Amino acid sequence: MIAALDPAETLPLPVSEPAPAPPVSEPDHQHAVATRMWHWVNLVALITLFMSGLMIFNAHPRLYWGEYGNRDEPAWLAIGQQGQRGYLEIGGARLDTTGVLGRYSDGEGVMRSRAFPGWATIPTDYNLADARHWHFFFAWFFAFGLLFFIIFSLFNGHIRGMIAMRAAEWHPRALWRTIVDHAKFDFHTAPGEAYNPLQKLSYIAVIFVMLPLMIVTGLAMSPGTDAALHFPSMMFGGRQTARSIHFIIAWSLIGFMVLHFALVIVHKPLTLLRGMTIGHRR
């Protein structure tokens with residue numbers, strides 16, 4: 001027998017399944033025109049400065065600490081040749097680099113004795129004067145480009161909105177978690193953020209530490225600047241120390257560029273390239 005329902009009783013409403021959350025898409029952060037222009041101008045300037053700097057280094061392929069340096073002084077780094085063998089010496093440890101550094105064969109099969117081969121330098125043939133012309137010319141683009149980029153980024157909100165780190169992002173646990181995620185090729189960002197903490201920290205180190213140091217150490221190395229204004233070289237304890245720091249940071253920047261390019265290739269290369277050319281990622 002079926003019991004009659006009391007009309008005063010209300011039937012329970014059917015429980016509906018929760019609606020699936022909409023997929024979280026990467027925010028379409030727009031890069032300002034000044035940011036995009038500086039990115040590509042700085043890329044060309046850095047590569048030219050690096051290659052012409054290697055040619056300048058070839059004139060005296062030894063690095064020292066302090067104010068003075070010559071072949072009678074102990075060098076912490078040296079690239080050279082002994083007999084028919086090339087070598088790289090760092091802190092007394094010597095590595096055989098024949099065929100790569102110090103002693104190598106050029107494109108015509110002729111053995112050369114220079115620190116860095118011609119394919120890595122500007123100009124390709126040994127010419128210290130031309131290398132300095134290339135270096136000093138592109139140094140203007142490098143220095144003033146960085147200055148204008150920082151000024152524009154302060155006014156258009158690029159630094160505040162994209163690069164500035166929040167308080168929680170400075171925590172070692174947050175940074176370590178981001179490093180682990182990067183090792184797994186997981187490059188996610190927090191909602192509303194353009195970059196994750198590791199990316200922000202990298203850009204802060206490059207833009208506000210490494211690039212300005214390249215300019216200051218370059219001035220400290222210059223005989224003309226040192227004669228007129230000795231303060232830059234005194235900051236580093238001598239022109240040779242400034243030259244060593246200049247060399248180390250130059251290679252660090254190249255390492256950053258190679259890593260940056262590799263990560264772009266493995267993570268949405270067309271999207272990121274579109275963002276740095278037309279301004280929008282989508």
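Just so it is clear, the values below take in all heavy atoms, side chains as well, and ignore hydrogens, waters and symmetry mates. The first residue of the sequence shown is numbered 1, and numbering continues consecutively from there. All figures in this text were calculated on a predicted structure; none of them were measured in a lab.
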- prompt: Considering only heavy atoms from C-beta outward, does the side chain of Met162 approach that of Thr35 to under 4.5 Å?
  reply: no

message: Looking at Arg103, is its backbone amide N or carbonyl O close enough to the side chain of Ser113 to form a donor-acceptor pair, meaning the two atoms are under 3.5 Å apart?
response: no

task: Group every Ile, Leu, Val, Met, Phe, Trp and Tyr by side-chain heavy-atom contacts under 4.5 Å, then state whether Ile248 and Phe236 land in the same group.
output: yes

message: Can you tell me if Met234 has over 12 outside heavy atoms packed within less than 6.0 Å of its CE?
response: no

- prompt: Between the main-chain N or O of Gly83 and the side-chain N or O of Gln81, is there a donor-acceptor pair closer than 3.5 Å?
  reply: yes

- prompt: Relative to the ring of Phe149, is the ring of His158 parallel (under 30°), tilted (30 to 60°) or perpendicular (over 60°)?
  reply: perpendicular

message: If you apply the rule side-chain contact (heavy atoms from CB on, under 4.5 Å), what do you find for Ile47 with Met257, and how did you get there?
response: CA-CA 10 Å; Ile47 293 176; Met257 289 172 56; 3.8 Å; yes

message: Is any side-chain heavy atom of Glu67 closer than 4.5 Å to one of Gln240?
response: no

field: CZ/Phe208: more than 12 non-hydrogen atoms of other groups inside 6.0 Å
entry: yes

- prompt: How long is the gap from CG on Asp125 to CG on Asp130, to the nearest 0.5 Å?
  reply: 10.0 Å

query: Can you hop from Ile215 to Phe231 via hydrophobic side chains spaced under 4.5 Å?
result: yes

- prompt: Is the CG atom of Asn70 crowded by more than 12 outside heavy atoms at less than 6.0 Å?
  reply: yes

- prompt: Can you tell which of Thr217, Thr241, Leu219, Val216 makes a side-chain contact (heavy atoms from CB on, under 4.5 Å) with Met235?
  reply: Val216

query: Is there side-chain contact between Thr48 and Phe137, with heavy atoms separated by less than 4.5 Å?
result: no

field: Test item: side-chain donor near acceptor, Tyr87 and Arg85, under 3.5 Å
entry: no

- request: Decide yes or no for Leu198 and Asn196: does some side-chain heavy atom of the first lie under 4.5 Å from some side-chain heavy atom of the second?
  value: yes

- prompt: If you measure from CG on Asn127 to CD1 on Ile56, what distance do you get to the nearest 0.5 Å?
  reply: 11.0 Å

- request: For the pair Asn156 (side chain) and Phe152 (backbone), establish whether a donor and an acceptor sit closer than 3.5 Å, ignoring hydrogens and angles.
  value: yes

query: Ignoring hydrogens and geometry, is there a side-chain-to-backbone donor-acceptor pair from Arg112 to Ser105 under 3.5 Å?
result: no

- prompt: Above 12 or not: heavy atoms from other molecules or residues under 6.0 Å from CE of Met210?
  reply: yes

- prompt: Any side-chain heavy atom of Ile207 sitting closer than 4.5 Å to one from Leu146?
  reply: yes

- prompt: Only one of Phe256, Phe50, Phe57 forms a ring-ring contact (aromatic ring centres under 6.0 Å, His included) with Trp251, so which one is it?
  reply: Phe50

- prompt: Applying the 4.5 Å side-chain criterion to the ILVMFWY set and letting contacts propagate, would Ile150 and Val209 be lumped into a single cluster?
  reply: yes

message: Before you tell me yes or no, could you show the steps for Thr121 and Tyr126 under side-chain contact (heavy atoms from CB on, under 4.5 Å), namely the whole-Å CA-CA distance, both residues' side-chain angles and the distance that decides it to 0.1 Å?
response: CA-CA 9 Å; Thr121 65; Tyr126 182 80; over 6 Å; no

- prompt: Would Arg166 and Lys200 satisfy side-chain contact (heavy atoms from CB on, under 4.5 Å), going step by step from the backbone distance to the final call?
  reply: CA-CA 10 Å; Arg166 318 306 174 202; Lys200 290 182 179 181; 4.1 Å; yes

query: Parallel, tilted or perpendicular: which describes the rings of Phe144 and Phe148, with under 30° parallel and over 60° perpendicular?
result: tilted

- prompt: Taking everything shown except Trp134 itself, do over 12 heavy atoms lie less than 6.0 Å from its CH2?
  reply: no

- prompt: Parallel, tilted or perpendicular: which fits the ring planes of Trp65 and Trp76, with parallel below 30° and perpendicular above 60°?
  reply: parallel

ILVMFWY cluster, Ile151 and Leu211 together (side-chain gap under 4.5 Å): no

task: Just do the side-chain contact (heavy atoms from CB on, under 4.5 Å) check on His135 and Leu49 with the steps written out, would you?
output: CA-CA 5 Å; His135 204 74; Leu49 287 168; 3.8 Å; yes

- prompt: Are Met51 and Phe142 connected in a single hydrophobic cluster, I mean Ile/Leu/Val/Met/Phe/Trp/Tyr linked by side-chain heavy atoms less than 4.5 Å apart?
  reply: yes

Side chains of Leu54 and Asn58 in contact at under 4.5 Å (non-hydrogen atoms): no

field: Side-chain donor/acceptor of Ser244 to backbone N/O of Tyr64, under 3.5 Å
entry: yes

query: Do Arg243 and Leu63 touch side chain to side chain, with heavy atoms closer than 4.5 Å?
result: yes

Beyond-backbone contact of Arg62 with Leu77, side-chain heavy atoms, under 4.5 angstrom: no

